Amino acid sequence: MSSTAVILLIIAALSLYLTYGIQDGWRRRYRQRQQKQRQQLELYRLRRQGDILKLWLRHPHGQLLPKAKPGQHLQLFSQDQQGQPLSRAYSLVSDCQQQRYYMLAIKIEAGGKLTPLLAERLSQGQMLTCSYPKGHFGPAVSLQNLLARLSQQPLKATPLVLVAGGIGITPLLPMINSALRQRRPVTLVYQARRRIDLLQHRKLRRFAAKTQLQYLPVLSQPDGNWPGRHGRITAAEVAQPGGKQAEYLICASAEMVLTLEQGLADLGCHKVRHELFSAAHSTQSFAITLGTAQANSLGHSSVLDALLASGVKVPYDCRGGSCGACALRIVSGDCSNVLQSEFSVGADEVLTCCVQATSALQLAFPYGAADAAADEDEQYPSPSATLPVIDYRQA
Ligand code: FES
């Protein structure tokens with residue numbers, strides 16, 4: 001090999017190394033920025049519908065809120081009775097076109113950690129600490145849809161089929177508004193237990209009567225007066241309006257997502273993405289080790305949940321696969337995905353909020369101890385720490 005070829009090889013290797021290093025730095029900075037951004041919003045309206053809590057939030061001084069995209073969520077931060085930090089991500093229900101308020105719809109889970117506390121403690125006029133809107137679950141950007149919109153030929157756009165199970169409707173509602181505004185054909189198949197569990201049912205029926213929205217609500221436990229479809233939705237029903245060309249977005253429980261995705265794949269529908277609103281709890285017992293700390297997978301919905309339940313201090317933020325804060329390196333063992341992640345990590349890393357252990361698992365922090373400690377400090381502010389209001393017009 002000539003000396004020129006050797007020099008070129010060295011330059012190529014150096015470029016690769018530098019590119020990876022720069023990307024890694026960006027990723028780390030992105031994680032840290034995601035964890036730092038907080039805003040304090042006023043809860044100006046609070047309503048309850050069955051076991052769903054509806055929250056309307058606005059800026060305390062009436063300023064415009066940061067713009068959100070359809071499908072994004074806000075993370076709420078609170079503390080449990082012992083002063084330990086608690087946080088959960090909740091999808092934005094409000095139309096993302098406006099920036100005057102955010103609306104969240106939260107299902108009160110009897111065995112949950114944060115939602116019963118919220119139901120008990122929240123009152124109108126209260127200030128809540130929230131993240132900025134984040135997340136990447138939403139319709140794909142496509143040239144075909146853009147051209148159809150520009151040429152005002154909506155029928156040429158890819159049909160959008162949204163499938164909701166229960167509270168999984170929340171990220172899909174802003175997508176309906178956005179698709180209707182773009183005159184894109186959109187279908188909503190909405191599975192719930194009872195009529196009272198159907199969020200915005202009347203509004204959706206109105207939209208369906210006036211626009212190109214096709215709306216199919218399905219109840220599994222209807223009362224005698226329910227005139228619509230009852231039972232469980234099937235993949236054939238979901239595929240019927242859009243066919244193989246449609247884009248499918250599903251937000252439901254793990255069980256419903258798995259069944260529908262399998263059925264849609266069998267019917268030749270492959271443009272399917274999902275977001276889970278809850279992962280099933282593990283029925284298997286595997287030891288999870290991080291340094292000297294120990295946890296067990298049994299009864300937990302993710303590796304992150306298992307670690308936190310055992311008091312192991314690990315960084316996390318969205319708990320939904322969109323921020324990358326919970327990434328850890330796998331030293332040995334296996335795990336499987338229970339949540340679809342929108343954030344890519346290194347080949348030997350996992351987002352612990354998105355995986356379940358499928359064998360004994362040994363984990364390590366993906367980068368230096370100093371960074372990990374910095375992340376921990378970020379995630380675990382002292383209970384008395386007050387978070388400043390951020391003026392996001394300048395952010
Ligand atoms: S906590 Fe955000 S990706 Fe896991």
Side-chain angles (χ1 to χ4, degrees), residues 23-24 26-39 68-69 71-78 80 84-92 104 112-114 129-138 170-171 251 254 273-282 288 290 293 295 297 300-330 335-357 361 363-367 371-381:
Q23 275 186 3
D24 196 43
W26 282 345
R27 209 172 61 210
R28 206 175 304 166
R29 275 198 295 278
Y30 173 78
R31 283 177 193 159
Q32 288 166 354
R33 210 175 55 229
Q34 284 275 325
Q35 289 198 27
K36 278 181 194 151
Q37 289 186 327
R38 303 277 191 273
Q39 52 181 331
K69 290 187 199 146
Q72 285 196 311
H73 58 261
L74 277 193
Q75 191 162 10
L76 294 192
F77 298 90
S78 186
D80 66 14
Q84 289 300 310
L86 279 178
S87 72
R88 280 283 186 279
Y90 298 107
S91 297
L92 286 161
L104 304 176
K113 285 186 185 156
L114 184 55
T129 305
C130 315
S131 69
Y132 279 42
K134 51 189 176 179
H136 307 277
F137 179 62
T170 49
C251 186
R273 287 185 302 132
H274 71 255
E275 183 164 87
L276 302 182
F277 62 74
S278 69
H281 289 188
S282 175
I288 302 172
L290 174 64
S297 61
H300 299 291
S301 57
S302 67
V303 168
L304 177 66
D305 270 5
L307 290 168
L308 293 175
S310 299
V312 184
K313 289 202 166 187
V314 280
Y316 66 91
D317 191 4
C318 68
R319 300 178 84 149
S322 61
C323 72
C326 65
L328 291 178
R329 188 160 51 82
I330 298 186
C335 45
S336 67
N337 266 15
V338 287
L339 278 186
Q340 188 185 27
S341 141
E342 305 280 349
F343 192 91
S344 57
V345 288
D348 59 346
E349 292 174 15
V350 282
L351 294 177
T352 52
C353 69
C354 297
V355 294
Q356 286 273 25
L361 206 54
L363 301 166
F365 284 104
Y367 37 83
D371 281 347
D375 280 353
E376 279 187 30
D377 288 342
E378 200 62 60
Q379 189 57 51
Y380 293 91

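Keep in mind that this is a model prediction, so the values were computed, not measured. We count ligands from 1, going down the list as the structure has it; atoms in each ligand are counted the same way.
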Between Val314 and Leu290, is there a side-chain heavy-atom distance shorter than 4.5 Å?
yes
Subset of ligand 1 atoms that lie under 4.0 Å from at least one heavy atom of Cys326
1 (S), 3 (S), 4 (Fe)
Tell me whether atom 4 (Fe) of ligand 1 has Cys354 as a neighbour, meaning an N, O or S atom of it below 2.8 Å.
no
Could you check if a side-chain atom of Pro133 sits within less than 4.5 angstrom of a side-chain atom of Leu74, using non-hydrogen atoms only?
yes
Side-chain (Glu349) to main-chain (Phe365) donor-acceptor, under 3.5 angstrom:
no
At less than 4.0 angstrom from any non-hydrogen atom of Cys353, what atoms of ligand 1 do you find?
1 (S), 3 (S), 4 (Fe)
Could you tell me if the side chain of Leu307 sits less than 4.5 Å from the side chain of Leu328, heavy atoms only?
yes
